[in-house]
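To start, the structure under review is shown below, and the notes come after it.
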Amino acid sequence: MYLAIAGNIGVGKSRLTELVARRYGLEPVYEAVDDNPYLADFYQDMSRYAFHSQMFFLAKRLEQHVGSVNGVRNVVQDRTLYEDAAIFARHLFESGMMSRRDFDSYQLMVRAASQALRPPDLLVYLRASVPTLKSRIALRGRDYEADIAPEYLQSLNDLYERWLSGYRLSETLIVEADGLDFVNRSHDRSWLLGWLEQHGLGAQAVS
């Protein structure tokens, strides 16, 4: 099984990836956020570093997918290449922070790369409001995320909804993450895992 965990910045994707991997024996593949040499600069000057940052994420995601998703039977991935293209790069283009030339070049690379990708068997989207996202971003304490604007997070949320409305690669489960703390509250954790199991996660993961 290939399970993809999708969602906005700070929503809890990495924690859910870790939890599911440990519980069901899936190989975890985490987003290479801390490896991106452009990310801190990007949050300071998005227009200047938009293309650089997105191309790094694209290259890293493709490397992960080919090496750790395509060839592994049971795997869970923290964010997908599809989100990079449909959410983050598109926001940069639509907000004027990435030129048409750079956006078209990026999309060309995405289309070429997508032909080599194994599609998910199940996509789990963690949906949360901006106040929840801001609170969780503050808790994890990354300096370069401290000044992320609420408007930016809301724009990403809107693009997620637009993307999901046309997503057809796999079954999709939407988890309402406001008020849900599966990291610190055992009841919430049991509920979430039970709900995922109702949709075949446990059976698919061990098959």
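Predicted model, so just to flag it, every value in this text is computed and none were measured.
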Give a yes or no on whether M55 atom CE has more than 12 heavy-atom contacts from other residues, nucleotides or ligands under 6.0 Å away. yes

Counting only heavy atoms not in R189, do more than 12 sit closer than 6.0 Å to its CZ atom? yes

Parallel, tilted or perpendicular: rings of Y49 and Y38 (30°, 60°): tilted

When the ring planes of W195 and W191 are compared, do they come out parallel, tilted or perpendicular, using 30° and 60° as the limits? parallel

If you take all heavy atoms of [X] and [Y], which pair is closest and at what distance?
| X | Y | answer |
| --- | --- | --- |
| L92 | A50 | CD1-CB, 3.7 Å |
| P120 | Y82 | CD-CE1, 4.0 Å |
| G7 | Y160 | O-OH, 2.8 Å |
| W163 | A86 | CD1-CB, 3.4 Å |
| V75 | S68 | CG2-O, 3.6 Å |
| V183 | R15 | CG1-NH1, 2.8 Å |

Please confirm whether F51 and Y106 have ring centers closer than 6.0 angstrom. no

Does the gap between the ring centers of Y152 and H91 come in under 6.0 Å? yes

Pair [X], [Y]: side-chain N/O donor-acceptor within cut-off below 3.5 Å:
| X | Y | answer |
| --- | --- | --- |
| D78 | S14 | yes |
| E197 | Y24 | yes |
| Y30 | E18 | no |
| E161 | N157 | no |

What do the steps show when you test I9 against L153 for side chain to side chain contact (heavy atoms under 4.5 Å, CB included), and what is the final call? CA-CA 8 Å; I9 301 166; L153 295 173; 4.2 Å; yes

Quick test of your reading of the model: are [X] and [Y] salt-bridged, counting only N-O distances below 4.0 Å?
| X | Y | result |
| --- | --- | --- |
| R185 | D188 | yes |
| D104 | R100 | yes |
| R61 | E31 | yes |
| E94 | R162 | yes |

Are [X] and [Y] linked, directly or through other ILVMFWY residues, by side chains that come within less than 4.5 angstrom of each other?
| X | Y | value |
| --- | --- | --- |
| L133 | L156 | yes |
| V11 | L3 | yes |
| L39 | M97 | yes |
| V69 | V66 | no |
| V72 | V124 | no |

Decide side chain to side chain contact (heavy atoms under 4.5 Å, CB included) for L122 and M1; before the verdict, give the C-alpha distance in whole Å, the side-chain angles of both, and the deciding distance to 0.1 Å. CA-CA 8 Å; L122 178 65; M1 179 185 199; 3.5 Å; yes

Please report the C-alpha distance between D178 and T132 in whole Å, then the side-chain angles of each, then the deciding distance to 0.1 Å, and finally whether the side chain to side chain donor-acceptor pair (under 3.5 Å) criterion is met. CA-CA 6 Å; D178 285 337; T132 295; 2.5 Å; yes

Just by modelled atom types, is the P131 backbone N or O under 3.5 Å from a matching donor or acceptor in the S135 side chain? no

Should D84 and L58 be marked as a side chain to side chain contact (heavy atoms under 4.5 Å, CB included) after you check the CA-CA gap, both sets of side-chain angles, and the distance that decides it? CA-CA 7 Å; D84 287 342; L58 175 61; 5.7 Å; no

Given the rule in the side chain to side chain contact (heavy atoms under 4.5 Å, CB included) test, do R79 and F88 qualify, once you have shown the distances and angles that lead to the verdict? CA-CA 12 Å; R79 189 171 280 147; F88 293 89; 3.5 Å; yes

